[in-house]
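The analysis underlying the following values was restricted to heavy atoms, covering all of them including side chains, and did not include hydrogens, waters or symmetry mates. We name chains A, B, ... by the order of the sequence lines, and we start the count at 1 in each one.
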There are 2 protein chains.
Amino acid sequence: MRRLLELQQKLVPDLTQVLRERYMLLRSIYHLQPIGRRGLAQAMNTTERILRAEVELLKETGLLTVTAAGMHLSGEGQQVLDDMEPLVGELFGLTDLAEGLQKKLGIPEVIVVQGDADQSPWVKEELGRVGARVLKQVVQEGDIVAVTGGTSIASVAKHLTPSASFKNVQFVPARGGLGERVELQANSLAAAMAEKTGATYRLLHVPDRLHPEALQTLLKEPQVQDVLSLLRDTRIVLHGIGDALTMARRRNYSEEELAELVEAGAVSESFGYYFNEAGEIVHRMPTIGLQLEEVHKAETVLSIAGGESKAKAILSFAKQSCQNVLITDEGAARALLSTRL
Amino acid sequence: MRRLLELQQKLVPDLTQVLRERYMLLRSIYHLQPIGRRGLAQAMNTTERILRAEVELLKETGLLTVTAAGMHLSGEGQQVLDDMEPLVGELFGLTDLAEGLQKKLGIPEVIVVQGDADQSPWVKEELGRVGARVLKQVVQEGDIVAVTGGTSIASVAKHLTPSASFKNVQFVPARGGLGERVELQANSLAAAMAEKTGATYRLLHVPDRLHPEALQTLLKEPQVQDVLSLLRDTRIVLHGIGDALTMARRRNYSEEELAELVEAGAVSESFGYYFNEAGEIVHRMPTIGLQLEEVHKAETVLSIAGGESKAKAILSFAKQSCQNVLITDEGAARALLSTRL
DNA sequence: TTGATCGGGACATTTTTTGTCCCTGTGTAT
DNA sequence: ATACACAGGGACAAAAAATGTCCCGATCAA
C-alpha cells in the first residue's frame, strides 16, 4: 500500500495532494458538523468559493448531506473517513514522523495525527479520538486509571465510548486541585470518563493552594487516604503535557512566582510538576495525589499533547523517560524533529 | 489495495482515470522510444498540445528525459512502469476480465494486458513481453518448446532474455512451412528465441505447399524424422491463434480455397489447422510437424492472441480445451465476454 | 547534404476556476 | 412571536488555466 501511494505521488502528484485536501475537508466537517460554507472556509483557511466547489463535488459523490442547518457527513462519508484511517499515516508522511520521534525521544510507541492543534482547533479533537481509541485498547478489567486535567485529556473524555473493556475500571484524578477551570480539572474529567465508559470514578476533593498545615490535616482524611492508596496501584496514567508558563498563568500564578519559574528554567508541566529542559523537577504544585515515582511504576503511561507550541514541553517531559505511548500531532512532531537534542 | 483504489475513486474520482492515462502514456513511450511529441500524440490519439502538458509534467517529475531525438523513459520512469505492473490489473479492471474468461473458456490461467492490439500496435509488444515472462517462469531445464509462427509469437521472441532457466532447452518449430513471410515463420522464431535465450534450436525444412507424394518422401529424411521425434516429447507449446480467413489470405490461398474455408465455417487457425466455431477441425495445411494430439499431450500450452478481431478465433480454439495459459488483451477479452456461448 | 523530425516558444481562443454579491429560507436566541 | 444570524444556492464578471495552432532553429538519419 505504501508502494502504491509512492507511485501515485510520482505519477499524479497533484491528485495525491487533492486526496490529502479532501481528507482534511471531510475530517473537518466531521468535527465541526453541522457547519456552513463560510464557517468551514474560515476553519480551513481557504476562500468560500473554492470550498464550495469541493463541497458540491462531495455532495454529488454522496459523501455529505446538505441541510438548512449546514453540512453533515453522510453515512458513506463517515465510512470513507473511517476507512481512510490506516492510509493517513502514509499519505501525510506521519509514519515517518512517528518513527523519527520514537527514536529521538526513546518512546516505545508514538502516534502522530495530521494537523497542528495550534492552528486548527479540531486537531485537539483528533488527538482525543485517537487517545480514546488507544486507552480502550490498553485498558483491562479492574484497572485503575489516573487522569490529569487539561484540554487534551478533556478531549479524550469527550470521545470515549462505552465498552466491555472498562468493566470494573476506576478513573481517579491524578492530582488534587490545581487551580484550573472546572471543566478541565482532573476531578471533572475522571467523572466524565467514568460516565462515558460506564466505569466508576473517585474524586480528590482538595482545594487549590492550600497551606502546608492544612494539607497535612487533609491527608489524614479517610476519603483522601482511600484515593491515595488507589493511586499507588495505578496501572495506567493518562496525562497531558503543558507549556510551563502557559499552565502557570492559567493557574493564576503571581508575577513573582512566574518570574521564579522562568528563573528556574521551567519549560514543561504535568501532574502539577514543572520540569526544565533537562527533564528535572524545578517546582511542584502544593497539592496531593499521584507522585512522580508512581508514574514511573505504572505499566502504561499515555501522554497526549499537540501543537507546535508544545514541542519544547514534550521534549522536556520525554527526558523523564517514563512514557509508553505518546500521541501528538504533525505540528509538534515536525517542530520536535527539527530541534536537535 | 483494491479497497484503497475504491476509496480514492470516491474521494477523487478523476484520480484513477488520470493514473490510467499516465500509465498508458508511460508505457507507450517505453514501447516507442525514442518518440517525438507529434508521433506520440498520434499513437495515443490525443492532440499534440494536451500531450505536451503531460510530458512536461512527467519531465519535471523526472520520469522521462527529453533529447533532440525524442523522449525516453528515465531509469526512474522505467522503474515506475515496472512497479506499476501488479497494479494494472486492478486499475483497468483486467483482473475481472481475466477471471471472467477463465470461467467462460475453462482455461486455468488467463492474463489480460491493457489495450487493444487492433488499435495500438504496441499492445502486441505487451503481449510479447508478458508471454516472454510467463515462458521464462514455466520453462525447465531440458524442455522441448514447440513454437508456431505469427506476429504475436514473433513479439515473444523479441522480448525474451537470456536466463539460466533456458539451460538445455530446445526450441522446435511446431509445423513446417506454412507459407508466411520469413520473419514470421516458426523456423525463424525458433531460431530467434534460441539466440535470445542462449538455448538451442532445430529447424523443419519443409517447403510450402508440397504435393502429398513429396511430403511422404520428405518424411523419411533423417533430419526431419529427428525433429518430429523431438516434437513428440514437447512439454511446452507456445502458439498464436489466427483468424481463419486472415491467415488463409496471408498464405496466399486462392479464391476457391478461401470460398471452401468459408463454406466449411472456418473461424480460427493454429498450427496449420483450421477450426470452426465449435472447435472442430475443418481443414489442415498440407505440411508436417506437431500434431493436434501432441498438443493435447503437452504439459503446458501457452496461447497468445490479442485484438478485438481475434475474439471469435480465440473462442473457437478454446473449444479444443487444451490450453493452460491464455495471454490476451483487453480488446479481445471484452469482446469475448460480451459474446454469449 | 538534405529532408524529416525533434523540442520549445509564442499567442489567440476557449474553458474552467475563482471572487463577489445578493437572495430567500430556516434555526435559534431573545 | 420576532428579530437576527447564518444556512445554501443563483448569478456573473474577472482571472487563470487549458488548449489549438503555427512557427522556428537544432539535430538526427538517410
Whole-Å distance between [N] [atom2] and [X] [atom1]?
{"X": "A:Ile29", "N": "D:dA7", "atom1": "CD1", "atom2": "C1'", "answer": "14 Å"}
{"X": "A:Gln42", "N": "D:dA7", "atom1": "CD", "atom2": "C1'", "answer": "15 Å"}
{"X": "B:Glu48", "N": "D:dC24", "atom1": "CD", "atom2": "P", "answer": "15 Å"}
{"X": "B:Arg37", "N": "D:dA26", "atom1": "CZ", "atom2": "C1'", "answer": "14 Å"}
{"X": "A:Ile35", "N": "D:dA5", "atom1": "CD1", "atom2": "C1'", "answer": "13 Å"}
{"X": "A:Glu56", "N": "D:dA7", "atom1": "CD", "atom2": "C1'", "answer": "15 Å"}
{"X": "A:Lys59", "N": "D:dA7", "atom1": "NZ", "atom2": "P", "answer": "15 Å"}
{"X": "A:Glu54", "N": "D:dG8", "atom1": "CD", "atom2": "P", "answer": "15 Å"}

Tell me whether the count of non-hydrogen atoms from other residues, nucleotides or ligands lying under 6.0 Å of [atom1] in [X] goes above 12.
{"X": "B:Glu195", "atom1": "CD", "value": "no"}
{"X": "A:Gln42", "atom1": "CD", "value": "no"}
{"X": "A:Arg3", "atom1": "CZ", "value": "yes"}

### Task
Remember a base hit wins even if backbone is also touched, and classify B:Leu51 as base, sugar-phosphate or nothing at under 4.0 Å, heavy atoms.
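Nothing: the residue B:Leu51, judged by heavy atoms under 4.0 Å, touches no strand.
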### Query
Just checking B:Leu40: base, sugar-phosphate only, or nothing, at a heavy-atom cut-off of under 4.0 Å?
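Here B:Leu40 touches no strand at all.
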### Task
Please name the residue in the list A:Leu57, A:Thr16, A:Leu15 that meets the side-chain contact (heavy atoms from CB on, under 4.5 Å) test with B:Val12.
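Only match with B:Val12 under side-chain contact (heavy atoms from CB on, under 4.5 Å): A:Leu15.
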### Task
Look at the side chain of B:Arg52 and the base of D:dG20, then say whether one donor and one acceptor between them are separated by less than 3.5 Å.
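No, no donor-acceptor pair under 3.5 Å.
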### Query
Does a donor on one side chain sit under 3.5 Å from an acceptor on the other, for A:Thr151 and A:Lys124?
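Side-chain D/A pair, A:Thr151 to A:Lys124: present.
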### Task
Decide whether B:Arg20 and B:Gln114 meet the rule of one side-chain donor and one side-chain acceptor closer than 3.5 Å.
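On atom types as modelled, these side chains do not qualify, holding no pair under 3.5 Å.
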### Query
Where the side chain of B:Arg49 is defined as all heavy atoms beyond and including C-beta, which of D:dC22, D:dT19, D:dA7 is the nearest nucleotide?
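Of the options given, the side chain of B:Arg49 lies nearest D:dT19.
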### 5′-ward residue of the pair A:Thr47/A:Ala69 relative to DNA chain C
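The residue closer to the strand's 5' end, by nearest nucleotide, is A:Thr47.
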### Message
Distance under 4.0 Å to a non-hydrogen atom of chain B counts as contact; along DNA chain C, which nucleotides mark the start and end?
### Response
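Using the under 4.0 Å cut-off, the span is C:dC6 to C:dA10.
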### Message
Per the ring-ring contact (aromatic ring centres under 6.0 Å, His included) rule, what does the pair list look like for residues 30-72 of chain A, sequence neighbours excluded?
### Response
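For residues 30-72 of chain A: none.
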